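Worksheet: the structure to be examined is printed underneath.
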Amino acid sequence: MNIKPLAERVVIKMLEAEETTKSGIVLPGTAKEKPQVAEVIAVGPGTKDVTMEVKTGDKVLISKYAGTEVKLDGAEYTIVKQSDILAIVE
């Protein structure tokens, strides 16, 4: 099943990076604060007033509490408006 966002919405998947402390302890993604970097999975067509500036595969920085979380085929995605995307990470 595919998700096709409408209007100026973007489907993203949060990136979970494991972090290692100075003493060598690996912190799993669940032990840390929610990450704000995500990968763009799908992009809506935009509207006559909003031109889409992100594309599939971009890594983006999003607002901390933005979007709606959905679970599809066992994977978790977040649907956000393009205005909730703060920057593209290069």
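Every value quoted in this text rests on a predicted model; they were computed, and no experiment measured them. Residue indices begin at 1 and follow the sequence shown.
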Residue pair Leu86 / Ser63, side-chain heavy-atom distance below 4.5 Å: yes
Just so I know, are the side chains of Lys59 and Ile88 near enough to count as touching, which here means a heavy-atom distance under 4.5 Å? no
What is the distance from atom CE of Met52 to atom OG1 of Thr47, rounded to the nearest 0.5 Å? 8.5 Å
With Ile85 via side-chain contact (heavy atoms from CB on, under 4.5 Å) - residues at least two apart: Val10, Val54, Val60, Ile62, Val80
Do you know which two heavy atoms are closest between Pro45 and Pro5, and how far apart they sit? CD-O, 3.7 Å
Listed partners of Lys55 passing salt bridge (Lys or Arg N to Asp or Glu O under 4.0 Å), at least two apart: Asp58
When you compare the side chain of Tyr77 with that of Ile12, does any pair of heavy atoms fall below 4.5 Å? no
Spacing of CD1 belonging to Ile79 relative to CG belonging to Leu6, to within rounding of 0.5 Å: 9.0 Å
Between atom CD of Glu39 and atom NZ of Lys13, what is the distance when rounded to the nearest 0.5 Å? 9.0 Å
First locate atom CG of Asn2, then atom CD1 of Ile41, and finally report the distance between them rounded to the nearest 0.5 Å. 11.0 Å
Might you work through the side-chain contact (heavy atoms from CB on, under 4.5 Å) test for Glu53 and Gln82, ending with a clear yes or no? CA-CA 8 Å; Glu53 297 180 30; Gln82 181 175 254; 3.9 Å; yes
With a 4.5 Å cut-off on side-chain heavy atoms, are Lys64 and Gln36 touching? yes
Going by side-chain contact (heavy atoms from CB on, under 4.5 Å), name the residues that satisfy it together with Glu76, two or more places apart in sequence or in a different chain. Lys71
